Structure formats: structure tokens, C-alpha cells
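A short worksheet on the structure shown next.
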Amino acid sequence: MEKGLISVDRWTEHSQAYFLTHLHSDHTQGLSSSWAKGPIFCSRLTAKLFPFKFPGFNLSLLRLLAVGTWHSISLVSPSSASSSTLQVMPIDAHHCPGAVMFLFRGEFGCLLYTGDFRWETTSKRAEIGRTMLLNALKDDVVDILYLDNTYCNPSYAFPSRAIIAQQVIDIIVSHPEHDIIIGIDSLGKEDLLLHISHELKIKIWVWPERLQTMHLLGFHDIFTTKTSLTRVRAVPRYSFSVETLEGLNTMHPTIGIMPSGLPWVVRPLENGDKLFGSLLTSRYNRSKWSGNGGNHTEKPNGNLGSVEKFHKYIYSVPYSDHSCFAEIEDFVKLVQPTNMKGIVSSSSCYVDPLYYFGRLCGAYQSAQSLPHNKRKERVERVLAVNNKTTFRCGASAGVERKRAMTVKVKSSGIHASRMSALRRKKRGAKIEENDRPN
DNA sequence: GCGATCAGTT
DNA sequence: CACAACTGATCGC
């Protein structure tokens, strides 16, 4: 029954075309240098980085899609052998270099797959992305939004990356004699390092492979592999540990900065008097974050206000490449999809995005009233289409059924149940034909 | 050697 | 402890 049309960030099944949102390894599981199942559509930058991640990959399989423009792709239906045309537009996801969302139009309707994304509202780049998306959507209605729901819970509230970057500067400046270690992954957080380099007029050490990546990204005079040139080093996150810091401190005073992790988790709103996290949470101050900058702090004992020091040598800062709850909400309000599904379900506190945002959806609105609502007509048209073309998400039909049941529970007003039984890794999505809904 | 899975790490 | 993203060990082929 595998009659897939297209796959997004999924590599296990056979499809007519494959789409890759970005090159983080949790989106490329099943993809390898010996890939031969079919063409892969991605952004220009992702394609540029591709050989580094997959040496020896047959690059003729890559199809470059320019960000912000529509592309037509002809596909042959595996079931009927008839050809159909798919339109796709990649849109900057502001997640890591090359990361895009995909907006699809075709017989199946209009689908938006965000991949991983950060939807900040403050930066110039965010404004461009917003305009691009609005122009792309025009009068069209997104039938299904596949949403990065990593932090889709009101307890996830954190400031923009620009504000956190400035806090990192403050940490470094307040340790003028220390070496600085920053934990990063193989892709992402470049803007933070560029900010440090620019503000402090200092080069940043990276490991040799990362320097190659930086060169591919076009950064040539900022990073170095010579330790003698700088006191700031970006190291692989997996080599960043308490032991590492303690070892380094036997030789030279050194602090670590971890721009990630979840020590910034604040208490869940529905459970106000019971701390969800540890004592770490109490020092985070929302009002400081929501202010303009809010980075100049009182520094008791040399600490910085909303920056968390959770170890003698380690600071944790909430620099996230995923949208916080408020940003996800902004995004859903902007897109106003008819329906939506979360693409991440690994969290033990996973809650279907419909639980929080269902009221913003067309499906909910049209179910309420207005038989002549344009949106409702559209929904019905799409539902008919969906009888033969279904956007399937997940590893197996069985798991997908459970998910559908969950949606039903949520929309009937029952409090969201936790879905730890459904723990799964992040998945991609796949369009299949002749897949009977339920 | 290859991919898949599992157990760790921040 | 929660996450995302990653390494490394192990297993079957």
C-alpha cells in the first residue's frame, strides 16, 4: 500500500519526491551518502552544506529551490500513472542555516510544513519572513498546518535571540580574565557567535570541521582553529560537561556558556502554585525579558539577572532556535489554517496544538456557524479531495489512529491528556494516495 | 561497510 | 527533571 506521492523529512518509504527542511540529524535519519530513492528538494544553502554532511552523495539528486518563489514539480501518480503538478515555495524558517518551511499547493489542497522554525517578531529578518509568507498565502487557505510544536506550551516563554546574545556578551565582559567555552551543534547558533565576535572584536575558536562549515557559510575572517588567537571557544555540545570545565579550570580560569537546554523552564500556568522545575526556575523574571533589552542587571555576586548559573563554571542561557509558545501562537494567528498537526511528539508533555490553538482554526470556526462561510466551502472541498489524497504523518497507521483520537478528545473540551505513551522521535510527513481516512 | 536501535550527554 | 541534537556502542546483514 505504499503509494506515496511526496515525503518531507522522511526517508524510509518510497515517494515521488523528497523534501528536506534542514540538515539537523534528527531530520535526516534514514538519509545517507548512498541515497538513491529519488530527487531531494531543498534550499540552496542546504544543498551547499549537503556534501559535508554526506560525503560521496550523488549530488545530481539534489533539486535546489529558491527561497520565496513558487516552483512547479510534475509528479506521476504511482497509482493511476496520471501526472499531476505540485507547487512548492520554501520560506525561511529562521532555525539554522538553510532551514526552510515548505508551502505546498496541489490536488490535495494547500499544506504548510514548518519543519523546525523560530518565529521572532522583532528582527528585520523576521519581518521579511512574515511578508514573504503573507504574500505566498494571499487569498489561499492553508488546509493543514504541520507545526513545529516543540515548545507548544505556555510554560515555554523566553526572550528573542538578540536579547540573549547581549546577555552572553555581558557574561563574557564580566569575566575579563577567563577563557570562555560555548557549546554548539554542527549547525546553528552562528548568529550568536558572530554577535560575540563583532561586539568584542575577537575571533572565535571552532574545531576544524566546524571551521569548514563556517567557510561554506561565507564566514572567513571571524573563526579560527588556533587557540592562541582568542579566549572564546565554541566546542561541540557533547564535549561540554562539568568534567570538561573542571578539568580546564585546573589549568586556566574558564567558564562555560550553554545556549540551550531547559533550565529556563518556568512553571506551567495551569499549575501555578507547584513548581514544575527546580529552584532554577525562580530566578527567571518575565518582566525583565519582556522589557526592551533588559540585559543590564544588578549582578549580585557577579551574576547576571535573568541568566542562570547552574554550576560554579557554567551559565545557561535560553537561546533557542525553536519558537516559544507566544511565537507559535502568533504564527498560527497569521496562517489561520483550517486544521493543524504537531510534527514533534517526543516530549512527555506533548499537547496537541489544537488544544491551545484550535479556536484559531478554520475547522473550529466553520463548525460553529455560517453555512455560507467561504472557508467552510473550502474545507469541504479539501475533505473530498482528502478521500483520495491524504497527508499522512507518522511511522505507522496504528500510531496515527491514536493521534486522531487524541485530537477528538481535545476538541471535545476534555482536558488535554499527556501522551507519554506515544513517545516517539520527531517525524517527517508523507503524502499518500488512495489512503482511506480512518 | 551499512543501517537501525539503544544508551548516554548538555 | 523537562528538550534538541548529537556521539558512540552494539547488532544483524
Side-chain angles (χ1 to χ4, degrees), chain A residues 9-13 21-37 52-57 93 95-97 99 114-118 148-158 161 181-190 207 209-210 213 234-246 248 255-268 271 274-282 284 308-311 313-325 328 342-351 395 418-420 423-427:
Chain A
D9 292 350
R10 269 191 75 82
W11 317 99
T12 53
E13 294 154 273
T21 60
H22 66 291
L23 273 173
H24 278 155
S25 56
D26 52 337
H27 289 253
T28 59
Q29 285 181 29
L31 187 54
S32 71
S33 294
S34 57
W35 173 265
K37 286 199 176 99
F52 196 71
K53 177 103 179 174
F54 299 109
F57 188 92
H95 174 67
C96 72
T114 65
D116 289 347
F117 82 117
R118 175 111 200 222
D148 172 13
N149 56 317
T150 302
Y151 296 134
C152 189
N153 184 302
S155 64
Y156 293 121
F158 41 80
R161 287 172 291 197
I181 301 293
I182 302 171
I184 60 169
D185 289 319
S186 61
L187 206 55
K189 311 276 195 289
E190 289 79 8
W207 63 101
E209 292 82 2
R210 199 57 159 99
T213 303
V235 304
R237 207 167 49 164
Y238 61 85
S239 71
F240 182 110
S241 67
V242 170
E243 289 71 30
T244 307
L245 266 297
E246 285 175 347
L248 289 169
I255 59 164
I257 300 173
M258 183 54 75
S260 180
L262 292 180
W264 38 265
V265 165
V266 294
R267 66 186 72 187
N271 206 3
K274 205 166 192 175
L275 269 184
F276 179 67
S278 66
L279 66 165
L280 298 180
T281 59
S282 60
Y284 286 109
E308 190 48 57
K309 189 172 190 178
F310 71 78
H311 179 270
Y313 303 127
I314 299 177
Y315 290 83
S316 175
V317 293
Y319 188 101
S320 170
D321 286 329
H322 293 268
S323 301
C324 66
F325 181 80
I328 297 174
I343 61 176
V344 180
S345 60
S346 66
S347 166
S348 61
C349 61
Y350 172 85
V351 174
R418 308 237 158 184
M419 293 180 64
S420 50
R423 285 181 73 92
R424 244 187 307 154
K425 265 302 177 185
K426 185 175 301 185
R427 306 133 314 153

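Predicted model only: the values in this text are computed from it and were never measured. Just so we're on the same page: letters track the sequence lines, and every chain starts at 1.
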Over how many whole Å does the gap from A/Leu187 atom CG to C/dT7 atom C1' extend? 17 Å
Flag for A/His27-A/Asp116: side-chain donor and acceptor within less than 3.5 Å: yes
Are any of the side-chain nitrogens in A/Arg161 or A/Asp321 under 4.0 Å away from the carboxylate oxygens of its partner? yes
Hey, what do you get for OG1 (A/Thr21) to NE2 (A/His95), rounding to the nearest 0.5 Å? 7.5 Å
I'd like to compare against my own output: the B/S/- annotation of nucleotides 2-7 of chain B with a strict under-4.0 Å heavy-atom distance to protein. SSS---
Over all atoms of both residues, closest heavy-atom pair of A/Asp185 and A/Trp207: O-CH2, 4.0 Å
Whole-Å distance between B/dT9 C1' and A/Leu245 CG? 14 Å
Measure the distance from CZ on A/Phe240 to C1' on C/dA4 and round it to the nearest whole Å. 16 Å
Side chain of A/His24 only, please: which of C/dC6, B/dT10, C/dA4 is the nearest? C/dC6
In whole angstrom, give the distance that lies between atom CZ of A/Arg118 and atom P of C/dA5. 13 Å
Atom CE of A/Met258 to atom P of C/dA5: distance rounded to whole Å? 14 Å
Testing the basics here: between A/Phe325 and A/Cys152, what is the closest heavy-atom pair and its distance to 0.1 Å? CD1-C, 3.7 Å
Taking only side-chain N and O atoms of A/His22, does any of them lie within less than 4.0 angstrom of OP1 or OP2 on C/dA4? no
Classify A/Ser239 by what it touches in the nucleic acid, base, sugar-phosphate, or nothing, heavy-atom distance under 4.0 Å. nothing
Between C/dG8 (P) and A/Arg237 (CZ): distance, integer Å: 15 Å
Is there a side-chain contact between A/Leu248 and A/Ile181 in this structure, where contact means two heavy atoms from C-beta onward sitting under 4.5 Å apart? yes
A/Ile343 CD1 - C/dA4 C1' separation (whole Å): 13 Å
Nearest listed nucleotide, side chain of A/Tyr238, among C/dA5, C/dC3, C/dT7: C/dT7
Separation of C/dA4 atom C1' from A/Asp321 atom CG, nearest Å, is 10 Å
Quick check for you: among C/dA5, C/dC3, B/dT10, whose closest atom lies nearest to any side-chain atom of A/Tyr151? C/dC3
Less than 4.0 angstrom between a side-chain N/O of A/Ser316 and OP1 or OP2 of B/dT10, yes or no? no
Under-4.0 Å side-chain N/O to phosphate OP1/OP2 contact, A/His27 with C/dA4: no
Sequence neighbours excluded, which residues qualify as side-chain hydrogen bond (donor to acceptor under 3.5 Å, both in side chains) partners of A/Ser25? none
For a quick test of reading the model: is some side-chain N or O of A/Ser25 closer than 4.0 Å to OP1 or OP2 of C/dC6? yes
